[in-house]
Amino acid sequence: MKRSRTEFATLNTSIALAIQPFSVIIGFINRTIFVSILGVTYLGLSSYLTSIVSILSLAELGIGEAMSYALYSPLVREEHGKINAFMILFKKLYRIIGVSIFVFGGILSLFLPNLIKDYTINNELYWIFFLFIFNSGSSYFFAYKRTLLYVDQRNYVMNLINFGLNTLRVFLQIAILIFTQNFIFYLLIETILNIIGNVIMSYIVDRLYNYLYNEEITPINQEEKEKFIRNIKGNTLGSIGAKIVFQTDSILMAKFINLAAIGIYGNYTYVLGFVAMLVNTVMGSITSSIGNLIHSEDTTLEAKISFLKKYQFIAFSLIYFASIGYLLFVHPFIIIWLGENLSFNQWTEIVIVINFFLTAYRQPNLVLISVHGLSYEQNKKVIAEILLNIFLSLYFLIVLDLGVAGILLGTIGSTLLTCTWYEPYSVFKYGLKTSSKNYFRTMVQHFILAGLSILLFSLLDYYFLIQLDFIYSLVIKIILYLIVLVIYILIFRNHEGGRQIILMIQKVLKLKK
């Protein structure tokens with residue numbers, strides 16, 4: 001008998017939380033050895049090429065989200081013939097995408113000398129670039145099967161496979177660094193294990209869904225086809241917007257600052273990535289359940305609104321404490337980990353935190369936009385976001401000479417002026433078809449609380465804590481963080497979202513036992 005949405009959510013959370021501490025530890029060990037042997041410039045080059053390859057994945061044209069939306073209803077209703085029809089279509093589309101990335105990557109390689117400011121263009125760089133291209137393009141030949149697992153709430157399968165292969169990858173890469181100090185060999189390990197991981201994932205999906213390609217196919221009707229094409233059109237512009245907003249940071253740094261700045265910023269985002277991973281583990285455990293909830297015919301509007309209220313509170317609570325924790329502890333952590341010379345000033349760190357908070361706070365609405373199939377309604381917003389982000393980032397970077405902070409301020413500005421208000425507005429207007437007044441009232445309260453907290457902790461750090469001994473200052477920060485946590489729990493312990501968090505924790509702990 002298939003598990004319920006809650007059981008799948010609890011299972012996904014439990015497994016992800018169990019393996020994350022180990023992933024964090026081996027990840028930091030790997031990055032530390034990488035920086036100490038190859039240096040921060042290679043680290044910056046890696047981050048930069050990752051951004052370029054990510055932009056090349058625009059060839060995906062938003063098909064992934066459209067595919068997820070198309071699969072929700074057939075999976076809920078167990079319409080195997082319809083699932084087969086969509087999976088065959090996605091398989092063809094994703095293979096075209098993979099080939100396109102190879103082709104576009106080859107063309108882009110001709111322009112590498114014009115894209116990097118302070119790195120010698122040689123054969124090594126081209127080999128490195130082509131390995132990045134191969135890793136990205138080859139993954140699309142299997143990505144459609146990963147999407148099926150995600151939509152069917154089987155994230156735990158992907159998590160377990162990724163954890164096992166990632167652990168092996170890290171140990172092999174560390175050995176390569178120690179014995180060869182060669183970045184190309186380092187990347188080859190990742191390439192080989194990516195291929196192995198994709199083959200294993202494909203085999204497991206074929207076993208779990210033995211009806212794939214084996215049962216009668218139910219043709220995609222005209223209405224489904226039109227909706228799918230409409231979602232792709234909407235997702236295409238959305239994908240372009242996301243890539244320009246989030247992936248051009250490294251490109252601007254490479255062009256106007258240097259690769260070392262990308263490397264240092266990469267260390268901050270790497271730490272932030274683990275913070276986000278903890279948040280996304282809990283959020284992701286219920287994200288895949290949302291599609292089932294929205295598309296279930298017996299779900300009332302009141303039930304959807306009630307769920308959204310709890311979802312909004314849980315998301316804010318996690319993001320708030322993740323942001324405050326990062327603000328308080330990232331600088332001392334970077335100093336202990338890599339040294340003062342590889343850290344940013346407090347101003348840049350504050351901007352990084354604000355950018356993270358705003359980006360993370362959008363995620364619940366982005367999920368709802370996806371499951372409601374509202375990507376097309378985001379087109380005007382995306383165009384405004386792209387133009388504002390480019391203009392503001394260049395203004396803060398070139399005119400005001402604010403460096404890394406200036407690039408991030410451009411992203412913050414464009415997010416506040418477009419995404420922050422329009423995304424929830426479109427969810428309520430076109431998806432839920434009800435008033436968004438209560439949502440926005442709660443959102444303003446959340447922003448005020450987060451803004452005041454960031455301001456007060458920053459002033460306290462700048463005028464008082466920075467003057468104290470390093471250890472003494474760190475102890476005070478820990479005490480302050482715990483005090484805020486306790487006060488928050490006492491105030492919101494009876495909130496329906498607060499009760500839901502406690503219930504989820506109890507289920508996870510019970511499952512682990």
Side-chain angles (χ1 to χ4, degrees), residues 11-47 49-50 53-54 128 131-132 135-136 139 146 149 155-201 204 262-285 322 325-326 329-339 342-343 356 508 512:
L11 181 61
N12 289 330
T13 302
S14 302
I15 291 177
L17 287 175
I19 65 180
Q20 274 185 2
F22 301 100
S23 297
V24 170
I25 292 171
I26 63 175
F28 274 110
I29 293 173
N30 187 18
R31 197 173 183 90
T32 302
I33 295 174
F34 184 100
V35 173
S36 63
I37 293 178
L38 295 181
V40 72
T41 300
Y42 267 109
L43 188 61
L45 177 64
S46 178
S47 298
L49 294 181
T50 298
V53 170
S54 180
I128 292 171
L131 282 173
F132 272 90
N135 286 339
S136 176
S139 66
R146 290 177 180 267
L149 284 175
N155 311 48
Y156 65 91
V157 176
M158 293 184 286
N159 288 335
L160 288 172
I161 295 173
N162 290 339
F163 173 70
L165 290 174
N166 185 58
T167 302
L168 177 61
R169 175 185 63 81
V170 168
F171 284 118
L172 291 175
Q173 286 181 327
I174 289 174
I176 287 293
L177 287 175
I178 293 174
F179 292 109
T180 70
Q181 296 86 47
N182 189 295
F183 189 37
I184 293 177
F185 291 161
Y186 178 92
L187 292 175
L188 279 172
I189 295 296
E190 184 170 352
T191 300
I192 294 170
L193 290 181
N194 280 346
I195 294 173
I196 294 173
N198 285 327
V199 171
I200 293 174
M201 185 71 67
I204 290 177
I262 303 176
I264 296 173
Y265 177 64
N267 291 329
Y268 277 84
T269 55
Y270 188 75
V271 177
L272 193 59
F274 284 114
V275 175
M277 188 190 301
L278 293 173
V279 174
N280 291 336
T281 296
V282 181
M283 298 304 299
S285 68
Y326 188 84
F329 302 115
V330 68
H331 193 76
F333 180 82
I334 292 291
I335 291 176
I336 294 172
W337 179 29
L338 299 170
L342 293 180
S343 66
F356 165 74
V508 169
K512 285 185 176 182

A.B. asks: Output the distance between atom CG (Asn135) and atom OG1 (Thr191), rounded to the nearest 0.5 Å.
C.D. replies: 3.5 Å
A.B. asks: Keeping Asn198 on the side-chain end and Asn194 on the backbone end, is there a donor-acceptor pair under 3.5 Å?
C.D. replies: yes
A.B. asks: Got a second to check how far Ile161's CD1 is from Ile204's CD1, nearest 0.5 Å?
C.D. replies: 3.0 Å
A.B. asks: Please name the pair of heavy atoms, one in Ile189 and one in Arg169, separated by the smallest distance, quoted to 0.1 Å.
C.D. replies: CG2-O, 4.0 Å
A.B. asks: Kindly indicate, with the supporting measurements, whether the criterion side chain to side chain contact (heavy atoms under 4.5 Å, CB included) is fulfilled by Leu43 and Leu38.
C.D. replies: CA-CA 8 Å; Leu43 188 61; Leu38 295 181; over 6 Å; no
A.B. asks: Report the distance from atom CD1 of Ile37 to atom OG1 of Thr32, rounding to the nearest 0.5 Å.
C.D. replies: 11.0 Å
A.B. asks: Kindly give the heavy-atom pair with the smallest separation between Ser343 and Ile334, and that separation in Å.
C.D. replies: CB-CG2, 3.7 Å
A.B. asks: Is the number of heavy atoms from other residues, nucleotides or ligands within 6.0 Å of CZ (Phe22) greater than 12?
C.D. replies: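 No, the 6.0 Å shell around CZ holds no more than 12 heavy atoms from other groups.
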A.B. asks: Under a 4.5 Å cut-off applied to non-hydrogen side-chain atoms, are Asn267 and Arg31 in contact?
C.D. replies: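 In contact.
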A.B. asks: At what distance, to the nearest 0.5 angstrom, does OH of Tyr42 lie from CD1 of Ile128?
C.D. replies: 5.5 Å
A.B. asks: State, yes or no, whether a side-chain contact exists between Val330 and Leu272 at a heavy-atom distance under 4.5 Å.
C.D. replies: no
A.B. asks: Between Gln173 and Ile33, is the side chain to side chain contact (heavy atoms under 4.5 Å, CB included) condition met? List the steps.
C.D. replies: CA-CA 10 Å; Gln173 286 181 327; Ile33 295 174; over 6 Å; no
A.B. asks: Measuring from Ser36:OG to Leu177:CG, what's the distance to the nearest 0.5 Å?
C.D. replies: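 Those atoms lie 8.0 Å apart.
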A.B. asks: Checking Ser136 side chain against Phe132 main chain: does a donor-acceptor pair fall under 3.5 Å?
C.D. replies: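 It does not hold such a pair.
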A.B. asks: Apply the ring-ring contact (aromatic ring centres under 6.0 Å, His included) test between Phe34 and each candidate in Phe28, Tyr186, Tyr270; give the one that qualifies.
C.D. replies: Tyr186
A.B. asks: Between Leu342 and Val35, does a side chain to side chain contact (heavy atoms under 4.5 Å, CB included) hold up when you go through it step by step?
C.D. replies: CA-CA 10 Å; Leu342 293 180; Val35 173; 4.2 Å; yes
A.B. asks: Can you tell me how far CD1 of Ile200 sits from CG of Leu193, rounded to the nearest 0.5 angstrom?
C.D. replies: 9.0 Å
A.B. asks: Ignoring hydrogens and angles, tell me if any N or O in the side chain of Thr167 forms a donor-acceptor pair with the backbone of Phe163 under 3.5 Å.
C.D. replies: yes
A.B. asks: Check the pair Ile264 / Leu338 against side chain to side chain contact (heavy atoms under 4.5 Å, CB included), numbers first and verdict last.
C.D. replies: CA-CA 10 Å; Ile264 296 173; Leu338 299 170; over 6 Å; no
A.B. asks: Answer yes or no: are there more than 12 heavy-atom neighbours, outside Phe333 itself, under 6.0 Å from its atom CZ?
C.D. replies: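 Above 12, so yes.
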A.B. asks: Search all heavy atoms of Gly266 against all heavy atoms of Ser47 and return the closest pair with its distance.
C.D. replies: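 Distance-wise, the nearest heavy atoms are CA-OG, 4.4 Å.
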A.B. asks: Might you point out which heavy atoms bring Asn182 and Ile176 nearest each other, and give the distance in Å?
C.D. replies: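 Nearest pair, atom of Asn182 first, then Ile176: O-CG2, 3.9 Å.
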